[in-house]
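Read the structure below first, then the notes.
Below, read A as the first sequence line, B as the second, and so on, with proteins coming before strands; counting in each chain starts at 1.
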Amino acid sequence: MSDTPIDNSHDQHAVRRQKLAEMRAGGFDPFRASVEQTHFSQDAIRLHVAGQDNIVTVAVAGRLVTIRDMGKSQFAKILDQQGQIQIYVKKDVVGDETYAMFKKIDLGDIIGVKGTLFVTKTGEVTVRVESCTLVAKALRPLPEKWHGLSDAEQVYRQRYLDLIVNAESRARLLLRSKIVSHIRRFLDAQQFIEVETPVLQSVAGGAAARPFQTHHNALGVDFVLRISLELYLKRMLVGGFDRVYEIGRNFRNEGVSRRHNPEFTMLEVYQAYSDHRGMMTLIKDMLTSLCRDVLGTTKIKHAASGQEIDFGGAWREVNYKDLIRETTGDAEWFARSKAEKIAGAEKLGLHVDPKWEEFEITNEIFSKKIEPTLIQPTFVMKLPKELCPLAKISLDDPTTIDVFELTIGGMEVAPAYSEQNDPDVQRAMFEAQAGEEKQNIDQDFLLALEHGMPPAGGMGVGIDRLCILLTGAESIRDVILFPQLRQRGEVKIETVAPVALDKVFASPKPTA
RNA sequence: GGGCUGGUAGCUCAAUGGUAGAGCAGCAUCCUUUUAAGUUGUUGGUUCCGGGUUCGAAUCCCGGCCAGCCCA
C-alpha cells in the first residue's frame, strides 16, 4: 500500500463515506443518534415575537439544504415537512468542539438543533443554535441548489430528491393530500360512511377496461385487480349503508400517457334515496368548498387553455344530444343512418372505424370535438344509454339515461347516475351491451340487486384528474408521487467495503 | 404500436466532424448577520449502450435502451 492516499476529493460519495468512517472510528454513529424536535419549521417561526430576540427556545430538525460558511459563524437552512428555517451557528455560542463538528457536516445531512429565535438584520427569523446533533449522514450529494432537479426521469424515479429540492413539487403533492382530506371531511360531515371493498375480484365490473390479472396460489384461482369501485359499493346499499364512499386505487391494463397511469385513484359516492340531480348538488358543493377552503379562491387558471375557470358561479347544464346536434350542425343527427354518421364525423376531420357501433361514432365526436372545449364546469346531461348500462333509463327519452358527466377544463371529472336498481332491467342491459363499452357481467352483483337496492344517486370522481386541474399540473405524473415508468435495469450502487456490524453497533456513544 | 425531440462531470447546461468546457456541488484557503453570500486556488468525463462511416465522431449513419411530447 502506498503512503499517499488516492485523491478522492472529486468523488462526493467517497468523501462522505470517508467522513462517516472517521465518525464511526471516533465512536460516534450518526445513524444511532436521536434528537429532540419541539416544533416544525414554520410553527417555530411563528413563535417569534417582534422585538423580543433570544427569548423563545425551540428544537427543530431536518435536512440541511443550504450552508453559508463565514469562517467563525455560519448561516444554514434546514428543511422539514413545513418548509425551511434558517439557523445560525456561531463559534462563540456553541463552543469549539461543536463548531468543529458542524463544519464537517455536509449539505443533505439530517440534523437537529436547539436554540433561541431571533431576527437577522435582513429580517429573517432564525434559530441561534446552542446545540446541534447529526442524526443521519447523507452519503449522496443533493442536486443543484438553484435549478433543482429537472431531469423528468429522475424526478419521477427518485421523487424524494424532487421533494427535497423542488419546492413547487412539494407544494403540489402536499396540495393533493389536502384535497383528499378535505373530500373526506366534506363527506363525513354529511354522514357518508367510508368503506373499503376488495381490490382482488373475480369479475372486473363497473366499467369497461382491460384488467390486470393475477393468481391466488392457495385458492388456486385467478383474480383480476379492480377497474372500478362501483359494484361492491352498491352491495353496501343493498346491505343498508345508505350513504357510502370509497377513495381507492383502480387498475387498468392500458396505455400510459399524460392523462393515464395504470393505477389511479377514484372517489365513488353512493347516496340512497337520491338521484343524479342530488349528485349535482353534492359535487358542486364539494368542489366549491374545496376551492374555497383549500385553494382560497373559486377562480383558478386553467394551465392548458390559459382561461380562468370559475367554480363560483352557476354551472352550465346541457344535453349530450344538443351538443352533438350543435357541433354537427345537423338537427336530425340521431335519425341518420350509420353511413351518414360516418360521413358526418369525417366531415369534422375525424377518423372513424366502420366497424364501430353508431353510438361510438357519435361519441367520438363528443370526446374529440366537444369535451376539450368545455372549460368551465359543465354538466353534460342525458347520455346515450349504450354508454353506461348501470344507470336508469330517462322517462322522457328512452334512448338516454339519467346521468351527468361533469366536465371541467376539457376533461371528464365526474360522471354520476341515477343508479339502476331493477335487477331484470340491469341484467338485460348488461346482456345488450355492445362495442368498447361492454362490461363483464358480475352475476353475484345481480343476485344482490334481486334482494333489493334502494334507489340511489351515485358518482365517481377521478382524484388524479381533479388534482391536475386544481394544482395546474400538466401531467398526471405530476400529481402521483411515484408514477409508473418502464422498468429500468437493475439499479447499480458501487460496492463498498462491508461495514463490520459488530464494530459499528458494539458501543454506541450516547448522543452529544 | 407510429412520428418527433432528447440522453455530455453528483446536478443544471455548453461544445454546429478537429485539444470535451462553465456554473453550482466537492476539495483546499480567507471571512463572526448571510440570502443563488462573497474571496483565492483546484480535482473531477465509458459524452446512455453496441456497431459503422471517417485521417479524426459527443457531433454523421444503423441497431438497441431510457425519457418527454404528439398521434393511434
Side-chain angles (χ1 to χ4, degrees), chain A residues 4-19 53-54 64-79 83-96 98-100 102-109 115-129 138-158 160-162 164-167 254-260 304 349-353 355-356 364 367-368 372 436 473-478 483-494:
Chain A
T4 52
I6 303 162
D7 177 16
N8 273 337
S9 66
H10 62 92
D11 182 343
Q12 302 186 45
H13 182 214
V15 168
R16 286 167 183 237
R17 282 215 167 265
Q18 180 62 33
K19 288 177 180 173
D53 282 356
N54 299 317
L64 205 53
V65 291
T66 303
I67 298 176
R68 286 187 277 269
D69 183 353
M70 288 173 297
K72 295 187 181 60
S73 76
Q74 310 191 31
F75 282 95
K77 285 192 175 170
I78 60 175
L79 174 70
Q84 297 188 6
I85 184 169
Q86 181 165 262
I87 64 173
Y88 181 52
V89 187
K90 202 176 173 189
K91 196 175 180 184
D92 294 354
V93 176
V94 297
D96 292 358
T98 301
Y99 195 75
F102 190 81
K103 278 238 172 196
K104 287 185 185 164
I105 289 177
D106 289 308
L107 275 179
D109 287 357
T116 55
L117 294 171
F118 75 103
V119 176
T120 64
K121 68 180 185 186
T122 52
E124 180 163 355
V125 175
T126 301
V127 180
R128 180 186 161 97
V129 174
L139 295 172
R140 305 277 173 179
L142 288 177
E144 207 241 16
K145 64 181 174 185
W146 184 238
H147 300 93
L149 187 64
S150 61
D151 175 40
E153 188 171 354
Q154 224 175 333
V155 163
Y156 300 140
R157 289 195 201 276
Q158 294 181 277
Y160 46 92
L161 292 179
D162 177 47
I164 293 166
V165 298
N166 295 335
E254 293 165 355
V256 178
S257 79
R258 220 157 55 88
R259 292 272 166 86
H260 300 88
L350 296 170
H351 299 285
V352 296
D353 188 330
K355 288 198 291 279
W356 287 355
E364 179 75 358
S367 55
K368 291 286 160 58
E436 287 196 343
E474 292 180 358
S475 164
I476 195 170
R477 284 182 284 260
D478 296 326
Q484 203 63 50
L485 298 184
R486 198 179 295 269
Q487 205 69 32
R488 208 168 38 171
E490 198 183 339
V491 176
K492 284 187 190 146
I493 299 179
E494 312 90 276

**OP:** Determine, step by step, whether Y156(A) and D478(A) satisfy the side-chain hydrogen bond (donor to acceptor under 3.5 Å, both in side chains) criterion, reporting the C-alpha distance in whole Å, the side-chain angles of both residues, the deciding distance to 0.1 Å, and the verdict.
**Re:** CA-CA 8 Å; Y156(A) 300 140; D478(A) 296 326; 3.1 Å; yes
**OP:** Considering only atom P, compute the distance from U53(B) to C62(B) and round it to an integer number of Å.
**Re:** 15 Å
Original post:
Do any N or O atoms from the side chain of D109(A) and from the backbone of D106(A) form a donor-acceptor pair under 3.5 angstrom?
Top reply: yes
**OP:** Measure from the side-chain N and O atoms of D162(A) to the backbone N and O of L149(A), and report whether any donor-acceptor pair falls under 3.5 Å.
**Re:** no
**OP:** State, without any angle test, whether Y160(A) and Q158(A) hold a side-chain donor-acceptor pair at a distance under 3.5 Å.
**Re:** yes
Subject >> Closest-nucleotide ordering on RNA chain B, the 5'-leading residue of T126(A) and V15(A) >> reply: V15(A)
Subject >> Pairwise 5' ranking along RNA chain B for K145(A) and E364(A), keeping only the more 5' one >> reply: K145(A)
Subject >> Distance between C1' atoms of G3(B) and G44(B) (Å, rounded) >> reply: 39 Å
Subject >> Whether R258(A) side chain and E474(A) backbone form a donor-acceptor pair below 3.5 Å >> reply: yes
Subject >> Check: T120(A) side chain, U34(B) base, donor-acceptor under 3.5 Å >> reply: yes
**OP:** Mind calculating the distance between CD (E124(A)) and P (A37(B)) to the nearest angstrom?
**Re:** 12 Å
Original post:
With both distances under 3.5 angstrom, what nucleotide forms a Watson-Crick or G-U wobble pair with C69(B)?
Top reply: G3(B)
Original post:
Of the nucleotides C11(B), C13(B), A36(B), which one has an atom closest to the side chain of S150(A)?
Top reply: C13(B)
Subject >> Distance between C1' atoms of G21(B) and U59(B) (Å, rounded) >> reply: 15 Å
**OP:** Would you indicate, yes or no, if A36(B) has its OP1 or OP2 atom less than 4.0 angstrom from a side-chain nitrogen or oxygen of R68(A)?
**Re:** no
Original post:
Using a cut-off of less than 4.0 Å, is there contact between a side-chain N or O of K103(A) and OP1 or OP2 of C31(B)?
Top reply: no
Original post:
With a 3.5 Å cut-off and just heavy-atom distances, do the side chain of E144(A) and the base of A25(B) make a donor-acceptor pair?
Top reply: no
**OP:** Would you kindly give the CG-to-P distance between L149(A) and G68(B), to the nearest whole Å?
**Re:** 14 Å
**OP:** Please measure how far the C1' atom in G1(B) lies from the corresponding atom in A58(B), and state the result in whole Å.
**Re:** 31 Å
Subject >> Nucleotide paired to U34(B) in any strand shown, Watson-Crick or G-U, under 3.5 Å >> reply: none
Subject >> Among G68(B), C66(B), C31(B), the nucleotide that comes nearest once only the side chain of R486(A) is considered >> reply: C66(B)
**OP:** Select one nucleotide: of G68(B), C13(B), U33(B), the one nearest the side-chain heavy atoms of M70(A).
**Re:** U33(B)
Subject >> Base U34(B) to side chain Q86(A), donor-acceptor N/O within 3.5 Å cut-off >> reply: yes
Subject >> G23(B) versus G38(B) - spacing of their C1' atoms, nearest Å >> reply: 16 Å
Subject >> Nucleotide forming a Watson-Crick or wobble pair with U40(B), both distances under 3.5 Å >> reply: A28(B)
Original post:
What integer distance in Å separates N8(A):CG from G45(B):P?
Top reply: 12 Å
Original post:
Distance between the C1' atoms of G10(B) and G45(B), in whole angstroms?
Top reply: 12 Å
